[in-house]
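Below: the structure, in structure tokens.
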Amino acid sequence: MTSQQRVVVIGGGMAAARLAQRLGRASADGGPVLTVLGEEPHAPYNRVLLADVLAGRYAPEIITLPAPHDAVRWLGGVRAVRIDRERRTVLCDDGQAVPYDRLVLATGSNPVLPPLRGLFPPGRGDLPNSDLPHGVHPFRTLDDCTALAAAADLPGARAVVIGGGLLGVSAARALAERGVPVLLAQQGEHLMERQLDAGAAALLRAYLEALGVEVHTECRVRGLRVEDGAVRGVELADGYAPAADLVVLACGVRPRVGLARAAGLPVDRGIVVDDQLRTADPRIHAIGDCAQHDGLVYGLAGAALEQADQLARILGAEAARYRGTRALTRLTLTGPGPGPAPRAAGAPLDLAAFGTPSPRPGDDVIHLSDATRSAYRKVIVRGDRLVGGILLGDLGAVGTLARTWEADDPLPEASLLHLLTTETATPTRTDGGS
């Protein structure tokens, strides 16, 4: 890429901010001219820490990411509305036409709005800008977080969180820390089904319940009870109808692909890219939650940052290729845990999960569990490789295990057993699956 080239990034989230950090100094040294179009008016922030802001442990400014280099032209509060590939121009909602030589789509994702009765006024549908009833909030952006915090502070507020994945668990925990009575409704058999097995999910559930969260699994929300434009409760499929002034939609996310599709670029679940993170148009790349590489849409911060790092090398004419991300899910819950200890004495519960949570026939499973200490260890070994793990409790071993898994290195069995048996509980091993 020559020094005269113009690089335009659509999106102002973590992937865009990381790419701007990586390319900013090159811009200052006479490299490519970098422009970022960020739809949110805020400075870029760490989305992973939104639950800590909602819990009241961090002020919003604490999660702000480092500012890009002064050479980067960062346009906040500007929404791209069309890509003109023929003229190589991005058209914006404020009338600007921003020319590019290379375009990077970092458009992120939108929260999934489930088809619940009462969620949308007649004639409206599952659209990001649909008017939701007062008191109903997605949990995706800093604005969402600010609105939720304000609603949670109203006297007598009662909350229902719909969705028991990572986002829903984080939201329920944060609201409980603010002192709000919370009901968490999960349609699946257990919490965080994508990352945890039933045993780990049971410990997580006990921990949330000790925080005061009322957890319902295998529980489908059928609709909302709305009066005068405001939510007053939810209706569950089993007939239970709890009151609620605050409903959090944590039903997953969907890649934002509208601009790419309208521009004629191939789109599956996400914007399809190759190992150079290029779309079918060699001048256009995609990274982060909107990108689909080798059939996968990650939707995780770790993958977005790794893609941004690789694209910075690619745009800098380095011989770099993106081969996929082996991402680790990490969560810390604070407050009292299960067991005989008084509520005030409960220690935080750390959770880490990576790879697959379920073994295949022929896999080796090493498993340690001690419910009285909220400790859970499960790792899955295929041949001489670590292919998955679930760790709850004291996570002193997670760094070593995660690095071994990320590098796909051979795993010495003695080292693995040593890492997993640092506590007093006795491990069990199952050959040929669990």
Side-chain angles (χ1 to χ4, degrees), residues 50-51 54-56 111-122 124 126 130-140 144-145 147-193 196 198 201-252 333-338 343:
L50 282 177
L54 178 57
V112 171
L113 304 182
L116 301 177
R117 185 171 61 246
L119 184 60
F120 301 108
R124 304 299 294 269
D126 181 0
S130 292
D131 295 324
L132 299 175
H134 182 73
V136 178
H137 302 267
F139 184 38
R140 183 65 182 162
D144 295 337
C145 188
L148 274 168
D153 287 342
L154 295 176
R158 299 156 297 179
V160 171
V161 176
I162 302 176
L166 177 63
L167 192 64
V169 167
S170 299
R173 178 266 294 178
L175 289 169
E177 285 190 48
R178 294 190 82 100
V180 178
V182 182
L183 183 149
L184 174 59
Q186 160 70 334
Q187 185 167 329
E189 292 184 0
H190 61 254
L191 299 174
M192 292 182 63
E193 286 185 309
L196 304 183
L203 279 178
L204 175 60
R205 176 174 183 156
Y207 204 91
L208 288 172
E209 289 175 339
L211 288 173
V213 178
E214 182 181 344
V215 179
H216 291 247
T217 53
E218 298 183 272
C219 170
R220 184 172 61 86
V221 178
R222 188 163 53 189
L224 305 180
R225 183 162 56 86
V226 177
E227 298 175 4
D228 298 325
V231 67
R232 296 294 180 230
V234 302
E235 300 172 4
L236 306 184
D238 63 4
Y240 184 41
D245 321 281
L246 177 59
V247 172
V248 182
L249 303 176
C251 306
L333 300 174
T334 58
R343 289 178 60 89

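Sequence positions, counted from 1, serve as the residue numbers for this chain.
Scanning both residues, Pro133 and Val226, for their nearest heavy atoms gives CG-CG2, 4.0 Å. Listed here is the closest heavy atom pair of Gly188 and Glu193: CA-OE1, 3.5 Å. Minimum heavy-atom separation, Ala176 to Leu211: CB-O, 4.0 Å. Of all heavy-atom pairs spanning Val112 and Cys251, the tightest one is CB-O, 3.7 Å. When all heavy atoms of Leu184 and Gly163 are compared, the pair lying nearest together is CD1-O, 3.2 Å.
Applying the side chain to side chain contact (heavy atoms under 4.5 Å, CB included) rule to Ala202 yields no partners; only residues at least two apart in sequence or on another chain are considered. When the side chain to side chain contact (heavy atoms under 4.5 Å, CB included) test is applied to Ala244, the partners found at least two apart in sequence or on another chain are Val160, Val247. A search for side chain to side chain donor-acceptor pair (under 3.5 Å) contacts involving Arg158 returns Asp245, not counting sequence neighbours. Residues passing the side chain to side chain contact (heavy atoms under 4.5 Å, CB included) test with Pro181, sequence neighbours excluded: none.
With a 4.5 Å cut-off on side-chain heavy atoms, Thr217 and Glu189 do not count as touching. Using a 4.5 Å cut-off on side-chain heavy atoms (C-beta onward), Leu175 and Leu246 make contact.
Within the structure, ring pair (Phe, Tyr, Trp, His ring centres under 6.0 Å) contacts touching residues 217-237 (residues at least two apart or in different chains) do not occur. Listed by first and then second residue, the salt bridge (charged side-chain N to carboxylate O under 4.0 Å, His left out) pairs involving residues 212-226 are Arg225-Glu227 (not counting sequence neighbours). Screening residues 163-193 for ring pair (Phe, Tyr, Trp, His ring centres under 6.0 Å), with sequence neighbours left out, gives no hits.
In this structure, Leu191 CG and Leu208 CG are separated by 6.5 Å, a value rounded to the nearest 0.5 Å. The CG atom of Leu249 sits 7.5 Å away from atom CG of Leu224, with the distance rounded to the nearest 0.5 Å. Considering CD1 of Ile162 and CG of Leu183, their distance stands at 9.5 Å, rounded to 0.5 Å. With rounding to the nearest 0.5 angstrom, the CG atom of Leu203 is 10.0 Å from the CG atom of Leu196.
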Worked check of side-chain contact (heavy atoms from CB on, under 4.5 Å) between Leu132 and Phe120: CA-CA 6 Å; Leu132 299 175; Phe120 301 108; 3.8 Å; yes
Dump the intermediate steps for side-chain contact (heavy atoms from CB on, under 4.5 Å) on Phe139 and Leu54, then the final yes or no. CA-CA 10 Å; Phe139 184 38; Leu54 178 57; 4.0 Å; yes
Ignoring hydrogens and angles, write down the donor-acceptor pairs under 3.5 Å from the side chains of residues 164-172, residues two or more places apart or on other chains.
from: Ser170; atom 1: OG; to: Leu166; atom 2: O; distance (Å): 2.9

Can you give me every donor-acceptor pair (side chain of residues 228-238, partner residue at least two apart or in another chain, under 3.5 Å) with its distance?
from: Glu235; atom 1: OE1; to: Arg117; atom 2: NH2; distance (Å): 2.7
from: Asp238; atom 1: OD1; to: Tyr240; atom 2: N; distance (Å): 3.0

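With hydrogens and angles ignored, the 3.5 Å screen pairs no side-chain donor or acceptor of Arg178 with any backbone N or O of Ala152.
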